[in-house]
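Residue numbers start from 1 in every chain, and the chains themselves are labelled A, B, ... in the order their sequence lines are given, proteins ahead of strands. Just the heavy atoms: all of them, side chains too, but no hydrogens, waters or symmetry mates, feed the values below. Bear in mind that the values here come from a model prediction, so they are computed numbers and not experimental data.
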There are 2 protein chains.
Amino acid sequence: MVVAVEVHDIAAARLRDTDQRYTRNRRAIVTALAATDRPLTLPELLKANKGLPQSSAYRNLAVLEEAGVVRRVVSGGEFARYELAEDLSEHHHHFICSTCGAIEDFTLPADVEATVERALQRAARRTRFAGVHHQLDLVGLCANCQ
Amino acid sequence: MVVAVEVHDIAAARLRDTDQRYTRNRRAIVTALAATDRPLTLPELLKANKGLPQSSAYRNLAVLEEAGVVRRVVSGGEFARYELAEDLSEHHHHFICSTCGAIEDFTLPADVEATVERALQRAARRTRFAGVHHQLDLVGLCANCQ
DNA sequence: CTCAGTGCAAAGGATTTGCATGCCG
DNA sequence: CGGCATGCAAATCCTTTGCACTGAG
């Protein structure tokens, strides 16, 4: 896990590369995302950032995604979710509750990751897709919904 | 892969279990989904079924999903996608184009699946999630978008 | 000064729902 | 007959966008 201060430096640098600024709103969003252990919905981001208007949040998230600082996670729930880009946090997976949409992060042992990654790269070679990275989620029922 | 006629029988049975009927529209949707090798968007379903109104399609897909006949696949694109439930087709994964949202199915060697599944069940035990099944997708650029 | 960022309000667009009608059991 | 299914149209609601204003460089 990259330390928090570095995250801001990297975010600033990536934005600069596309001629954008690392403003207070954007820094606040990154801070909020760095502080949790699961992807946040927009309402959650707004709650963590009183005073941040929806439209600014959406717009800034789009910019941050474009710059490779955040990643949009489509979980199937009503809202999209956002998390820091993998190289700003660490490779991980999600538990997704199929009933309420709750999400939780988890990681796999390195050797399993390696096996999966190898098999996937092999599979990818048989198709016309390129620049592939994987996304492995678990779907089930969370404690509340069981 | 279960043969086509069985799919309809199973679909009918599952609907009956929830006091719903296997109508012409629903059968048409299932037929269309059984005929492709990738999840379909709603527009694609409508195109494959001239005369089927949007609202009926959405409503029937919801019913079919509820009955466990189809599965909604959230690919991140503009439209949701739908495919037959796994036990009506077979366990598979998706290549997803991060630019245009195109999707293609693929499968992994059985031994890799087994390894992954074992590791995931172990990981799942450490959380409060239950009834877990995995969902492994590859994200990259399709031939058109490279 | 300039131009990206901001915030409000309004628009967009996929999906859902109300309601009257049709049809299967 | 009774109740689910249908289809049209209208409503929802997450997300995007237009526009005037502010602020950093």
- Message: Within the supplied structure, the quantity of interest is the number of heavy atoms (other residues, nucleotides, ligands) at a distance under 6.0 Å from B:Glu66 CD; does it exceed 12?
- Response: no
- Message: Is it the case that atom CD in B:Gln146 sees more than 12 heavy atoms from other parts of the structure closer than 6.0 Å?
- Response: yes
May I ask you to verify if any side-chain N or O of [X] is less than 4.0 angstrom from the OP1 or OP2 atom of [N]?
X       : N      : answer
A:Tyr58 : D:dT16 : no
A:Asn25 : C:dG5  : no
B:Ser56 : D:dG7  : yes
A:Thr23 : C:dA4  : no
B:Asn60 : D:dA5  : no

If I take atom [atom1] in residue [X] and atom [atom2] in nucleotide [N], what distance separates them, rounded to the nearest angstrom?
X       : N      : atom1 : atom2 : value
A:Arg81 : D:dT15 : CZ    : P     : 11 Å
A:Asp19 : C:dT2  : CG    : C1'   : 14 Å
A:Leu42 : C:dG7  : CG    : P     : 13 Å
A:Tyr22 : C:dA4  : OH    : C1'   : 17 Å
A:Arg16 : C:dG5  : CZ    : P     : 13 Å
B:Leu64 : D:dA5  : CG    : P     : 10 Å
B:Ile29 : D:dA5  : CD1   : P     : 12 Å
B:Leu46 : D:dT6  : CG    : P     : 14 Å

Show the distances under 3.5 angstrom between N or O atoms of the protein and N or O atoms of nucleotides 18-25 of chain C.
unit_1, atom_1, unit_2, atom_2, d
C:dG18, O6, B:Arg59, NH2, 2.9

- Note on the structure: Taken in chain and number order and not counting sequence neighbours, the residues that satisfy ring-ring contact (aromatic ring centres under 6.0 Å, His included) with A:Tyr22 are A:His8
- Nearest-nucleotide pick for B:Pro53, side chain only, options being C:dT6, D:dT16, D:dC8: D:dC8
- Item | Touch class at under 4.0 angstrom, heavy-atom based, for B:Gln54 against every strand present | base
- Using a heavy-atom cut-off of under 4.0 Å over every strand shown, decide if A:Ala62 touches base, sugar-phosphate, or nothing. nothing
- Item | SB check A:Arg81 A:Glu44 (cutoff 4.0 Å) | yes
- Message: Using a strict threshold of under 4.0 Å (side-chain N to carboxylate O), is an ion pair present between A:Arg71 and A:Glu83?
- Response: yes
- Flag, side chain of B:Asp137 to backbone of B:His94, donor-acceptor distance under 3.5 Å: yes
- Any donor-acceptor pair under 3.5 Å from A:Arg14 side chain to A:Gly68 backbone: yes
